[in-house]
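Computed over heavy atoms, backbone and side chain alike; hydrogens, waters and symmetry mates excluded.
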Amino acid sequence: MLIHRLDLDVAIYRNRVQLTHRPTDTFVDQRAEYAFSTDESLVANSRFLEDTMVRAIRQVVATGGFSLRDAIAHVVRCDGEVTGEERAAIESALRETGMKNVVFELDE
């Protein structure tokens with residue numbers, strides 16, 4: 001079995017997270033069980049964002065053959081402009097899920 005590093009593209013929408021594992025193109029679209037967004041903020045509750053991320057990552061790794069060593073998340077899309085506070089909440093949530101590196105590629 002081939003072992004892949006967990007290398008994810010992350011897109012965050014209102015109460016929805018989409019992950020794509022770069023090496024295998026495995027795609028997961030995960031709705032929030034607990035709303036993390038409000039009308040005013042994309043990330044109003046970082047704990048609920050983290051919960052949604054964990055559920056999505058579980059689906060990706062369920063296909064097998066993943067190493068969690070040096071896991072990396074590339075935040076490639078967000079619904080609307082992201083404030084500094086929201087950016088910090090996103091990074092914190094991803095790090096709590098086990099991501100060692102979080103790279104924001106929103107402006108590219």
- Query: According to a 4.5 Å side-chain heavy-atom criterion applied to Ile, Leu, Val, Met, Phe, Trp and Tyr, with indirect links allowed, do Y13 and I90 form part of one hydrophobic cluster?
  - Reply: no

- Message: Taking salt bridge (Lys or Arg N to Asp or Glu O under 4.0 Å) as the definition, give me every residue that meets it alongside R14, ordered by chain and number, with sequence neighbours left out.
- Response: none

- For residues 89-100, which residue pairs qualify under salt bridge (charged side-chain N to carboxylate O under 4.0 Å, His left out), counting only residues two or more places apart or in two chains? E91-R95

- For R16, enumerate each residue passing the side-chain hydrogen bond (donor to acceptor under 3.5 Å, both in side chains) test, keeping only those at least two apart in sequence or located in another chain. D29

- Message: Just to verify, what does R77 make a side-chain hydrogen bond (donor to acceptor under 3.5 Å, both in side chains) with, not counting sequence neighbours?
- Response: none

- Would you please name every residue forming a side-chain hydrogen bond (donor to acceptor under 3.5 Å, both in side chains) with N45, sequence neighbours left out? none

- Item | salt bridge (charged side-chain N to carboxylate O under 4.0 Å, His left out) contacts touching residues 41-55 (sequence neighbours left out) | E33-R55, D51-R55

- Across all chains, not counting sequence neighbours, the side chain to side chain contact (heavy atoms under 4.5 Å, CB included) partners of A44 are T38, S41

- Query: L6 versus H21: any side-chain heavy-atom pair under 4.5 Å?
  - Reply: yes

- Task: Determine which pairs satisfy ring pair (Phe, Tyr, Trp, His ring centres under 6.0 Å) with at least one residue from residues 43-63, sequence neighbours left out, and list them in order.
- Result: Y34-F48

- Item | Set of side-chain hydrogen bond (donor to acceptor under 3.5 Å, both in side chains) partners for T83, sequence neighbours left out | E86

- Message: Can you list everything that forms a ring pair (Phe, Tyr, Trp, His ring centres under 6.0 Å) with H74? Sequence neighbours excluded, please.
- Response: none

- side chain to side chain contact (heavy atoms under 4.5 Å, CB included) with T52: which residues, sequence neighbours excluded? V17, Q30, A32, F36

